[in-house]
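Data block below; observations after.
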Amino acid sequence: MEKIVNDLVGYEGLKIAQNKNYFNFSLESVVLPRFCEIRSGKIKIMDLCTGNAPIPLVLSTRTNQEIIGVEVQKEIYDLAVDSVKINNLDNQIKILNMDIKDIFNKFETDSFDLVTCNPPYFKVSEYSNLNDNKVKSIARHEILVTLDEIVSISRKILKNGGSLVIVHRADRFAELLLTLKKNNFEAKRVRFLQPKIGENANLVLVDAKKNGNVGLKVLPPLVCHNEDGSYTEEVLRMFER
């Protein structure tokens, strides 16, 4: 296993364990936890499809509450566990190696206040161009879990009024809204991510509330890169604790 330990970009003192044969954490793994609205007081947080735990690590800079990360792939779970240990966050972040569809064997329904997820983005069909690397394919494609299953599981695990914060491809935004609605979620905040100014959005962040009231706030788009490819000032600010 070709494990390497990198700095979690911009977060001084935070490290993340990665493997160059699989994938590196992405920008949305930093942007999503900064998009979350985190209530004060005692809350429970779960990160589905946690990967090597970038979202729990960033969330730990914003709250001292317990964070549970769930990752089905053993190879990636091991990296997540290493990431937590390296940062001495064992008392705050717990990583579970399990299929999220089995989550109710371990946790009660209506027990979490916030669920976050950076899910597989691509549907699987006979025309899908799957990567020969099985770990990458499972991370990118809905091989083991679908968007509908993720939203349904989130509805069951969240308390009434709890929030699901999810990032997805912009071209699946309409489907995402319909799936949320079908599962009694009301989208409350939406923000699109543009690679560069003037370009079409490629990703979207959605904060949806279980059994929430109607009322959607569409935030200004987040432009991620300058013309030279460097991060914009707003993105750089998100890297600060």
Side-chain angles (χ1 to χ4, degrees), residues 6-18 23-71 76-77 79-81 83-84 86-96 100 112-121 139 150-151 154 157-158 162-169 176 185 187-193 202-209 217 219-224 231-241:
N6 297 121
D7 293 320
L8 187 61
V9 181
Y11 286 89
E12 185 176 350
L14 276 185
K15 306 286 185 181
I16 189 165
Q18 305 197 98
F23 49 82
N24 294 328
F25 75 92
S26 56
L27 177 61
E28 54 264 39
S29 297
V30 173
V31 173
L32 183 147
R34 294 303 300 263
F35 179 70
C36 294
E37 291 183 336
I38 300 177
R39 300 202 315 263
S40 59
K42 188 169 180 58
I43 60 171
K44 292 181 68 176
I45 301 171
M46 178 173 286
D47 182 46
L48 303 177
C49 310
T50 202
N52 54 344
I55 290 174
L57 291 179
V58 177
L59 284 172
S60 76
T61 70
R62 303 193 58 210
T63 179
N64 59 6
Q65 297 300 299
E66 180 183 22
I67 304 164
I68 306 291
V70 183
E71 173 53 46
I76 309 303
Y77 159 82
L79 292 173
V81 169
S83 295
V84 172
I86 290 166
N87 293 289
N88 298 312
L89 290 168
D90 308 68
N91 291 331
Q92 182 181 7
I93 301 174
K94 308 298 181 188
I95 307 296
L96 303 177
I100 66 172
F112 282 78
D113 302 276
L114 172 64
V115 171
T116 57
C117 188
N118 182 5
Y121 288 159
I150 287 168
V151 175
S154 298
I157 202 75
L158 280 167
S163 292
L164 167 63
V165 178
I166 188 168
V167 61
H168 220 294
R169 287 176 57 86
L176 175 56
F185 279 102
K188 303 299 293 183
R189 294 185 304 131
V190 167
R191 191 170 197 192
F192 289 93
L193 276 61
N202 60 344
L203 295 171
V204 62
L205 294 160
V206 178
D207 179 358
K209 192 174 291 293
K217 183 182 293 184
L219 303 175
L222 172 62
V223 180
C224 298
Y231 287 130
T232 59
E233 284 298 319
E234 184 173 6
V235 169
L236 291 174
R237 287 196 298 273
M238 290 184 180
F239 291 146
E240 298 171 359
R241 285 178 180 264

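We use all heavy atoms of the structure for the numbers below, so side chains are in, but hydrogens, waters and symmetry mates are not.
In this structure, the separation between CG on Leu96 and OG1 on Thr50 is 9.5 Å, given to the nearest 0.5 Å. Taken from CD1 in Ile43 to CG in Leu114, the straight-line distance is 6.0 Å, to the nearest 0.5 Å. Atoms OG and CD1, on Ser83 and Ile93 in that order, are 9.0 Å from each other to the nearest 0.5 Å. Separating the CG atom in Leu59 from the SG atom in Cys36 is a distance of 5.5 Å, to the nearest 0.5 Å. Note: Leu219 CG to Phe192 CZ = 10.5 Å, rounded to the nearest 0.5 Å. Between atom CG of residue Asn52 and atom CD1 of residue Ile95 there is a gap of 9.5 Å, rounded to the nearest 0.5 Å.
The main-chain N or O of Pro56 is never found under 3.5 Å from a side-chain atom of Gln92 such that the two would form a donor-acceptor pair. Panel note: side chain Arg191, backbone Pro220; a donor-acceptor pair is recorded below 3.5 Å. In this structure, the side chain of Ser29 does not engage the main chain of Ile55 through any donor-acceptor pair within 3.5 Å. Not one N or O on the side chain of Asp207 forms a donor-acceptor pair closer than 3.5 Å with the backbone of Lys188.
Take Phe112 and apply the ring-ring contact (aromatic ring centres under 6.0 Å, His included) test, not counting sequence neighbours, and it matches Phe107. By the side-chain hydrogen bond (donor to acceptor under 3.5 Å, both in side chains) test, Asn87 pairs with no residue at all, sequence neighbours left out. By the side chain to side chain contact (heavy atoms under 4.5 Å, CB included) test, Ala187 pairs with Leu177, Val206, Leu216, sequence neighbours left out. With sequence neighbours left out, Glu37 forms a salt bridge (Lys or Arg N to Asp or Glu O under 4.0 Å) with Arg189. Not counting sequence neighbours, the partners of Val31 by the side chain to side chain contact (heavy atoms under 4.5 Å, CB included) test are Leu27, Leu193, Leu205, Leu222, Met238. Listed by chain and residue number, nothing satisfies the ring-ring contact (aromatic ring centres under 6.0 Å, His included) test with Phe35 (two or more places apart in sequence, or in another chain). Legend: residues meeting side chain to side chain contact (heavy atoms under 4.5 Å, CB included) with Val223, ordered by chain and number and at least two apart, are Gln194, Ile197, Thr232.
Closest approach of Val151 and Phe185 over heavy atoms only: O-CE1, 3.6 Å.
The salt bridge (Lys or Arg N to Asp or Glu O under 4.0 Å) contacts involving residues 40-68 comprise nothing, where partners must be two or more places apart or lie in separate chains.
The side-chain heavy atoms of Ile76 and Leu79, taken from C-beta on, include a pair separated by under 4.5 Å. At least one side-chain heavy atom of Pro119 sits under 4.5 Å from a side-chain heavy atom of Ile166.
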